[in-house]
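To keep things clear, I will list the structure first and then write my remarks on it.
As the structure is a prediction and not an experimental result, all values here were calculated from the model. Order of the sequence lines sets the chain letters (A, B, ...), proteins ahead of strands, with each chain counted from 1. Note: hydrogens, waters and symmetry copies are ignored here, and every other heavy atom, side chains too, is used.
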There are 2 protein chains.
Amino acid sequence: MKPTIKDIAARSGVSIATVSRVLSQKTGTYSEKTQAKILRIAKELGYRKNTAAVELVKKRSAVIAVILNATPTNFSTGVIDGIQKRASELGQGVIILYAGNRDAQMLHKAIVTALERTVSGILLTAIEPDDADLTLLKDSGIPFCFVSLYLNQPKILSVSSNNESITSQAVDYLVEQGHTAIALAGIDGYHTGTQRIAGYEAGLKAHGITTSCIKYGDYSYESGRKLLQEFLPLKVTAIITASDMIAAGILNAAQEVGIRVPEDLSLVSIDGTIICNITTPDLTSVTQDFYRIGSRSVDQVMGHDVETFVPVKIEKRGSVKQLER
Amino acid sequence: MKPTIKDIAARSGVSIATVSRVLSQKTGTYSEKTQAKILRIAKELGYRKNTAAVELVKKRSAVIAVILNATPTNFSTGVIDGIQKRASELGQGVIILYAGNRDAQMLHKAIVTALERTVSGILLTAIEPDDADLTLLKDSGIPFCFVSLYLNQPKILSVSSNNESITSQAVDYLVEQGHTAIALAGIDGYHTGTQRIAGYEAGLKAHGITTSCIKYGDYSYESGRKLLQEFLPLKVTAIITASDMIAAGILNAAQEVGIRVPEDLSLVSIDGTIICNITTPDLTSVTQDFYRIGSRSVDQVMGHDVETFVPVKIEKRGSVKQLER
DNA sequence: GTACTTTACGTAAACGTTTACAATACCCTA
DNA sequence: TAGGGTATTGTAAACGTTTACGTAAAGTAC
């Protein structure tokens, strides 16, 4: 049988209260001598705290729940690293709940699990809940924060890159390089996609460009490959892609049909993960600071007031050609 | 205040025992009428079960803990998908504990967290614990299983590919294609690496090849790039790489110095993730079935006796050249 | 010595469930 | 009607902690 504080108390001749105080380090309430004795006996017995009992009496667990989508893009390790790091600085554990791929049922289950565990905060990364789940979260009294998704609703916490800024910066850069026939590819039809479209169109407008070209997709490599087909009859000179994976798909499919990047087609991808280095040529990207997004989201959900938008930067690699005017 | 079964009991005029029975679906112990009433009231009150209380009295939580390394390789989504799917079939929740990158302290913390939560099983993916942690696990009485790592110790559960088979198959294939100067690159110095070396050397020996060439690394893209430098003075015609990322690194660094793949150098990578499609040329790989590794590991840890080794297969893509003899 | 303060510890209630056991209600049969 | 069974519900203990409150012991000051 697993030893409890009762066993330790019996063995050391003190009450369970004292054992508890020592074990949970309520310093100043016990003598060094008893501390030493209890710690020794606890070790001897191989004692482990029962988290369930602790959480039951404390009514809140020192744990942040991260609900994660199985996105075909791979930004998540950066985000998680950031979350993990900051959470452990704040004395919080982290549990990750997996919500499949836009699977409403799994998502709901994950949210309920988090609520039933009365975690101290919920982080939803790249997740768009339906209204029912959103009210569920709101009514729970547990703070939650969207990560890498900006809902643009009052009083809803969120940490992400500024999607409008991402695409408008990409447009600015491409225009600077002489491009005017610029497409946006692989975007989703939800909040993120909508915001990126807004930034894209604002960017074009600012430069007096009137023709836009938008293709939807799902952030995956395969999606990128398919999208290239749609671009074949079009005469764009540059494409901004919704993810590195989309860019990689377009790039490879293009090369297969003899379109050279960047000579015949320029590509600016959004994300800036290691994928950008793996392709040939390397992908110029609007790079997001996923680590910082993760760490700031922990601050948000723990009630520290920090920035909602984390800055992005353009990293020039090899997939954009400077056009002569 | 969050409602409890007590509140429901009070409102519906039954005892908490009955409420509990309805809510935990002890079918046959309550009437349909009370069930309906209790369910309705529970919904009205926005009741949520308190997991801590449940776990406390049940002494075991219906949760599998997955302890995860931040490997520079990206096989984990496949593994996790498999784990998640199978776990939910078996009515188990999944929590993921992140152990950083070969960070003994974080790993220890993760293991302790899992034990303190008295989970029903612990899955260690791509993790090699030190002796202290291993005894900790053994003494805990909680079943644990290594995933994607084979320790080759009696009575230790494990699900992985057969590392010896991976490299020997790779050697077989390369020899078949006419190669005899075959290197192994990016391997680690621990169990996985050792096993792959064994398979590699056995493979060479089986074909009467006496010269071997082994370079160590850490599975990352950068590590692959560095490794290429070491191969420059050597005259190997083919390299088996420890991961797709290593292969990508070697490939790109090679192309930068004018070595063409596969014309001048053939590459067989281990893993077979999407990375193999992203590089130019595509990487021929020994592909692991990560999804199945994940799902089988759940079976293992839940006490079902399943295979330890999950088969791999060679997928021929574009990075191996057939040599004339 | 008393009176007071501080330190260290003990007692017992509380957290929200589950479940063994006991009790009641109901139905059926003879 | 009694007797027996079954279906449904209630009572109360248990799970392993934390912590408010009380108390004993030890120290301090006069």
Side-chain angles (χ1 to χ4, degrees), chain A residues 1-39 41-42 45-63 112-113 115-120 140-141, chain B residues 1-39 41-42 45-63 112-113 115-120 140-141:
Chain A
M1 201 71 289
K2 263 184 82 175
T4 70
I5 52 169
K6 235 175 182 167
D7 301 312
I8 300 181
R11 273 247 224 167
S12 54
V14 300
S15 73
I16 59 163
T18 302
V19 176
S20 169
R21 281 188 281 252
V22 170
L23 259 23
S24 48
Q25 307 189 49
K26 297 256 165 304
T27 28
T29 71
Y30 48 81
S31 71
E32 284 193 19
K33 226 172 59 189
T34 34
Q35 180 191 31
K37 183 165 57 178
I38 288 173
L39 256 27
I41 294 182
L45 295 177
Y47 171 79
R48 299 255 147 251
K49 201 171 273 216
N50 181 322
T51 311
V54 176
E55 291 180 353
L56 178 57
V57 54
K58 291 217 180 161
K59 309 187 106 194
R60 178 118 325 176
S61 54
V63 165
V112 169
T113 303
L115 294 181
E116 287 181 347
R117 298 203 107 83
T118 53
V119 295
S120 50
S140 72
Chain B
M1 202 69 287
K2 261 184 84 175
T4 69
I5 52 170
K6 236 176 182 165
D7 301 310
I8 300 181
R11 272 248 225 169
S12 53
V14 301
S15 72
I16 60 163
T18 302
V19 176
S20 168
R21 281 188 282 251
V22 169
L23 259 22
S24 48
Q25 307 188 48
K26 296 259 165 301
T27 28
T29 72
Y30 49 81
S31 71
E32 284 192 20
K33 225 173 59 187
T34 33
Q35 181 191 29
K37 182 165 60 175
I38 289 173
L39 255 27
I41 295 182
L45 294 176
Y47 171 78
R48 299 253 149 254
K49 202 172 270 216
N50 182 322
T51 311
V54 176
E55 291 180 353
L56 178 56
V57 55
K58 290 218 180 159
K59 309 187 105 192
R60 178 119 324 175
S61 53
V63 164
V112 169
T113 303
L115 295 181
E116 287 181 347
R117 298 202 105 85
T118 52
V119 295
S120 51
S140 72

Fill in: Residue met sooner reading DNA chain D from 5', once Ile5(A) and Ala17(B) are mapped to nucleotides
Ala17(B)

What pair of heavy atoms forms the shortest contact from [X] to [Y], and how long is it?
X	Y	answer
Ser15(B)	Ala9(B)	C-CB, 3.9 Å
Ala53(A)	Leu56(B)	CB-CD1, 3.7 Å
Ile41(B)	Ser12(B)	CD1-CB, 3.4 Å

Worksheet item: More than 12 non-hydrogen atoms from neighbouring residues, nucleotides or ligands closer than 6.0 Å to CZ on Arg11(B), yes or no?
Response: no

Discussion item. Around atom NZ of Lys6(B), are there more than 12 heavy atoms from other residues, nucleotides or ligands closer than 6.0 Å?
Written reply: no

Discussion item. How bent is the helix from dG1(C)-dC30(D) to dA30(C)-dT1(D), measuring the angle between the end axes built from five pairs each, rounded to 10°?
Written reply: 40°

Worksheet entry | Contact list for DNA chain D against residues 45-56 of chain B - heavy-atom distance below 4.0 Å | Leu56(B)

Quick one: is [N] close enough that its OP1 or OP2 comes under 4.0 Å of any side-chain N or O from [X]?
X	N	answer
Lys26(B)	dT19(C)	yes
Ser20(A)	dT17(D)	no
Lys2(A)	dG16(D)	no

Worksheet item: Between Ser24(B) (side chain) and Lys26(B) (backbone), is there a donor-acceptor pair under 3.5 Å?
Response: no

Worksheet item: With distance as the sole test, does Ser61(B) use its side chain to make a donor-acceptor pair with the main-chain N or O of Thr118(B) at under 3.5 Å?
Response: yes

Practice prompt. Report the nucleotide, chosen from dT17(C), dT19(D), dT17(D), that has the shortest atom-to-atom distance to any side-chain atom of Ile16(B).
Written response: dT17(C)

Worksheet entry | Listed nucleotide nearest any side-chain atom of Val57(B), set dT18(D), dA14(D), dT11(D) | dA14(D)

Fill in: Side chain proximity check, Tyr30(B) to Ile38(B), heavy atoms < 4.5 angstrom
no

Could you list the protein-to-nucleotides 5-9 of chain C atom pairs, N/O on both sides, closer than 3.5 Å?
unit_1 : atom_1 : unit_2   : atom_2 : d
dC9(C) : OP1    : Thr34(A) : OG1    : 3.3
dC9(C) : OP2    : Ser31(A) : N      : 3.0
dC9(C) : OP2    : Thr34(A) : OG1    : 2.9

Just how far, in rounded Å, is [atom2] of [N] from [atom1] of [X]?
X	N	atom1	atom2	value
Lys58(B)	dG16(C)	NZ	P	18 Å
Lys6(B)	dT18(C)	NZ	P	14 Å
Arg60(A)	dT17(D)	CZ	C1'	18 Å

Item to complete: Evaluate side chain to side chain contact (heavy atoms under 4.5 Å, CB included) for Arg117(A) paired with Val63(A), printing each intermediate quantity in order.
Response: CA-CA 9 Å; Arg117(A) 298 203 107 83; Val63(A) 165; over 6 Å; no

